[in-house]
2 protein chains.
Amino acid sequence: MKKEVHPLEQIFHPKSIAVFGASNKVTTMGTYQLLNIIGSGFKGRIYPIHPKLDEVQGLKAYKSVLDLPEVPDLALITIRSEAVIQVFEELGKKGCKRAIVISGGFKEIGEQGKKRERKLIEVAKKYGIRFVGPNCIGIINPWLPINTTMYPYELKPGYIGMASHSGTYVTQVLPWLKKLGIGYAKAVSLGNEASIDIVDAIQYYGEDEKVKAIALYVEGIRRPREFLEVAKKVSKKKPIVALYVGGTKAGARSGQSHTGAMSGPDEIYDGVFKQCGIIRAPDVASLYEWAFALATQPPLLGRRIAICTHSGGPATSLADACERIGFEVPEFSLALQKRIQEQIPETGSARNPVDITFSVDLEALYYRLPELILSSGEVDGVILHGIEGESYYYHFIDVAPKTFNFPLEEMKKYLEAVFKKLAELPHKFSKPIVASSFMGREDSAVAQVQDSGIPCYPTPDRAVLAMKALYLRGKFTS
Amino acid sequence: MKKEVHPLEQIFHPKSIAVFGASNKVTTMGTYQLLNIIGSGFKGRIYPIHPKLDEVQGLKAYKSVLDLPEVPDLALITIRSEAVIQVFEELGKKGCKRAIVISGGFKEIGEQGKKRERKLIEVAKKYGIRFVGPNCIGIINPWLPINTTMYPYELKPGYIGMASHSGTYVTQVLPWLKKLGIGYAKAVSLGNEASIDIVDAIQYYGEDEKVKAIALYVEGIRRPREFLEVAKKVSKKKPIVALYVGGTKAGARSGQSHTGAMSGPDEIYDGVFKQCGIIRAPDVASLYEWAFALATQPPLLGRRIAICTHSGGPATSLADACERIGFEVPEFSLALQKRIQEQIPETGSARNPVDITFSVDLEALYYRLPELILSSGEVDGVILHGIEGESYYYHFIDVAPKTFNFPLEEMKKYLEAVFKKLAELPHKFSKPIVASSFMGREDSAVAQVQDSGIPCYPTPDRAVLAMKALYLRGKFTS
C-alpha cells in the first residue's frame, strides 16, 4: 500500500498556487502575500484569481479557479469571510485539494463565525480539501523557497520547525530572529485549526529531515489525546520546545478572542508537556533561542560548565548566573590550568572561568581553549562570551585613517575558518557550546558563528538559559 | 565655608588631560583611548606624554608631565604597572590632583600587586591625588563630551549614571545598548577602587542633575557602612538598580581574580539592597533595561496593567506574562470598552488586552488608546507592543517598485509627532508606559519612541520585566 502523503508536505511544496485576494493596490494583505511569493523566489506557477482584473502585479489573472489551465496544488485565500465557502466549492469542483485560508471572521468572532466555520469544514470534507487556517497568516518554507505570509523572510533557511497559534510569532518576529541568525526550516501559522492542527504539524515536522528542532506557540490544544501520542513519539527523535500562554486567566481570555482557543490550567499543560518530553519555554524570546540551541547542539549531559571569555565582568556574571540556575562552574584541575596558562597572557585567569584578558591570539579563545577544555572531560559544556571581529575597528578608521591599516578582510577570512573548526567541537565531543556577544550580526564574527551552527546570544544571561534548555533535553534523553 | 568639589566632578569635566601610554602604534590600549578622546569631540587640551616621541596621533607629545605648559586637570595612565608610582610622583610635583589609572597588575594579581597598590595609595595621599582605578577602563561623559575608554560611545547622551566593577559593563556592552537606545548620563569603570569607589560614585550621581537613575554592577562592596548610608539617602531622590554577582561560590571566586573584590553571601546583599531601596536586577540585560525604564518613567503604583497591540499573539502572551509575574490585566468596564471600540476595527478586541488587529490609523494605537485608557483610571500602567514604522515597506519597494509609492518620509514625520505626544502621557497621568517591538532602531519608529523617552524592548517579555522594576520602585516610594 502506498504511504499517504502528509497534507502539509503538499502545502509546503506546491508547484502551482492560486492566489485569491491580491490586487494591484498596496492596501490589502493579499497583495503583500502575492508579492512575498514572488519575492521569496518561488519557482512554481502563480495564478492570481480576481473577479475583475486581467493582470495582478504583472501576472495574468483569472476570473475563477475554474478557468485555470491546470489544477493548482495549493490555493491561498485572503478574501472576506463570506466568500470563502463559495471559493471552496469551486476548488472542489476543479480538484484542488490543499488550501491556506488567511481570512478571519470564523470561530474567533462568536456564534455567527462558528456556524460559518462548520460550513467550511463540511464543504472541505465533501471535496477532500485539507487546509491551514482560517484566521491564519500562512506558511514559510525557505528551502523550497516559498513564503505565503505578508512578511518578508530575509534569513537563510534554518533548522527550526515552527508551528504557531499566532501569525505574529511566525512573521512579525522575523526582524528579531534575523538579528540572532535564527532561521526556519519551515513555519506554519495555524489560526483556528479547522482542518490542519498543531498535532498534524508536529507529526509532519517529526518526519521532515530539514527540521532539527520543533518550536510551538500554544494558546490551547484541541486534540489532547492525539497531541500526547504524537508529541511523545516525535520528541524521542527530535527536541520540542513550547511556549504555552493559556494557563493564566488573562492569557486564556485573550486567546479566546484571538483564535477561539480552548486553554486549560498551567498544571495540566505542565503535565502533558512533561509526559511528552516537551521543554516548556518561560517566555517568547526563549522559545526561539532555545529551539536554535536544541536544533544545533547536542544535549547537556551534566551540570559542569566551563566559561571562556576575554573580560572579567562577563566571566564573573556568567559564573554567578550558572550557579544560580543550578549549574556548577568547577575549578579546573591544576594540570588543566597549567595547559590553559600556556595559551593565555599572564594577566589572565585559568581557573574557570577562563579569562584570557587582552590577547591578539584570537584562535586561542575561539577554538584552542574550548577544544582543550572539552577534551579534558572536566566539564559537560562550554559557554563562550565575547565573539567579536572587525566591527570594533571601523570607528577608529574614521578617527585615525592614517594609523589604521588593518587587513580586516583577511581577519574575516581567518576567523571564518576558526569558527568552522569551533562548530565541529560539540559534535566531536558530544558536548554543547553556546556563545554570547554584545555585538550583533553587524560584526561578521557573530554572523559567522551563528551561521556555522553555534548559537550566539546578545547577552550572557541568554546563553546560560539556552544551556538550561540543553540540560532539560539531556535529562529527557538520557 | 566653600563646598568642596567632588573629585568625580573634576574627573568627568577636565579642561585639560595628560595621556600616558598612547603612541602611534595601534596595538596598545592607550592609543585607542587617545583616539577616543579625540573622536568623542573633547573640546579641551590633550597632552600625550611619551618618553621618546615628539608627536603622538598628530598631537605634540611631551617627555614628562613636568614639561607641560600648564597643570593638567586630569591624567590618564595606561602604562606598565611598575611605572605608575613614578608617574604619580611627577603628577604630585606638577600639582595635578586627579587621575585615572587603567594599568592592571595591582591588588587583583596577589601579594606583589597588593604591595604596589598600597604604595600607590601612599604617594597619592602625599600629594592629595584622588583617582579612579587601577585596573579599570576609565570614564565616559557624553554630555561634555569625553570618553577615556578604548571603546567608542556612539549614542546620544542619556539618563543613566553607571558605576561598574567591570570595564566590559561600561564599554563592551555599548553596541548592545545602542540597539536599545539606552545612553549614559555618565559612566565610570571603578576597577580596584584604591581611591574612588562605588560609594563615591553613588554620592556624586545623587547630586548630578543629568543622572535620572543609577545602575551598579557590583562584585563586592568595600565600605558597607558608608554604602548603606549614602545609597539610602540617594535612592530617596532617584532610583538605583544593581546587579550583584558575588553571592555564589563561582561568582565570588571569579570576582576575586577580576578586581580583588570582597564579596559576601546573597542574603546579606539582599538585606543591604532592601534597606537602601536598591532594586536588584536578576541579570545583565535587566540592569540596563530597568535603569532605562526607571530613568524615564514614573513608578508603577498598582498592579493593574493595560496591554495595547495590533496582534493576537503578543496580546495573549503579554497578558499571560503579566499575570504570571503578579500583575493583573483587568477586563475593562463596558463603558471604556465602548469608547475603545469606536477607535478600532470590528475585528479588534477592546476587553484588555486591546488588540486593534489590522488598522491604518497609526495614531489610535500609538497615542489615542493609551491616552483614553490612562485617563480612565482603570489601570496603573500601559504596555504597548508593536512599534513599527516604515521599515516593513522597504522590502516591497524592491519587489514591486511600480506599486509602491508610499510617502515614507511623511510617515516618519507624522509618527515622530505622535510619539512625542505619547511620551508626555506618563508624566501627565503619573503612570508608566513601556513598549516592545520585534523591530529595532533600523526602523525609525522604534528609534523615535526610544529617543522620546519611552523604553522599547526587543521582546514583549522584557517590557513586562521592566514594568516589574517600576513596580518595585513604586513600592519603595509610596
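Since the model is a prediction, treat every value here as computed from it, not as a measurement. Lettering of chains follows the sequences in order, A, B, ..., and the numbering in each one begins at 1. Any value given below was found using the heavy atoms of this structure, including those in side chains, with hydrogens, waters and symmetry copies removed.
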Name the region of [X], side chain, backbone, both or neither, that has any atom closer than 4.5 Å to a heavy atom of chain B.
X        : result
A:Gln57  : side chain
A:Pro282 : neither
A:Thr459 : side chain
A:Tyr393 : side chain
A:Met150 : both
A:Ala321 : neither
A:Glu442 : side chain

Heavy-atom distances under 4.5 Å only: say whether [X] touches chain A with side chain, backbone, both or neither.
X        : value
B:Asn24  : backbone
B:Lys249 : both
B:Thr248 : both
B:Asp443 : neither
B:Glu346 : neither
B:Asp320 : both
B:Pro460 : side chain

Whether [Y] and [X] form a salt bridge (side-chain N of Lys/Arg under 4.0 Å from carboxylate O of Asp/Glu) is what I want to check.
X        : Y        : value
A:Arg253 : B:Glu323 : no
B:Arg304 : B:Glu328 : no
A:Arg462 : B:Asp283 : no

Taking side-chain hydrogen bond (donor to acceptor under 3.5 Å, both in side chains) as the definition, give me every residue that meets it alongside B:Thr78, ordered by chain and number, with sequence neighbours left out. B:Gln33
Can you name the side-chain hydrogen bond (donor to acceptor under 3.5 Å, both in side chains) partners of B:Arg303, sequence neighbours left out? B:Tyr471
What do you reckon, are the aromatic ring centroids of A:Tyr244 and A:Tyr217 less than 6.0 Å apart? no
Write down the atom of [X], the atom of [Y], and the distance for their closest heavy-atom approach.
X        : Y        : answer
B:Ser254 : A:Ala315 : OG-C, 3.5 Å
B:Gly389 : B:Ala445 : N-CB, 3.4 Å
A:Gly313 : B:Ser166 : CA-OG, 3.2 Å

Which of the residues [options] is involved in the greatest number of heavy-atom pairs with chain A at under 4.5 angstrom?
options                                : result
B:Asn36, B:Leu174, B:Leu243            : B:Asn36
B:Leu318, B:Thr357, B:Asp266, B:Leu177 : B:Asp266
B:Pro458, B:Pro314, B:Ser286           : B:Pro314
B:Asn352, B:Ile307, B:Thr168           : B:Thr168

Taking B:Asp355 for the side chain and B:Ala350 for the main chain, is one N or O donor matched with an acceptor at less than 3.5 Å? no
Would you confirm whether B:Asp461, through its side chain, and A:Ala285, through its main-chain N or O, come within 3.5 Å as a donor-acceptor pair? yes
Top residue by heavy-atom pair count (under 4.5 Å) with chain B, among [options]?
options                                : answer
A:His310, A:Gln172, A:Met439           : A:Gln172
A:Val284, A:Ile38, A:Val464, A:Val329  : A:Val284
A:Gly247, A:Pro152, A:Pro175, A:Pro330 : A:Pro152

Enclosure of B:Glu55 CD (heavy-atom neighbours >12, cutoff 6.0 Å): yes
Take A:Tyr153 and A:Thr171 through the side-chain hydrogen bond (donor to acceptor under 3.5 Å, both in side chains) test and state the conclusion after the steps. CA-CA 8 Å; A:Tyr153 180 91; A:Thr171 54; over 6 Å; no
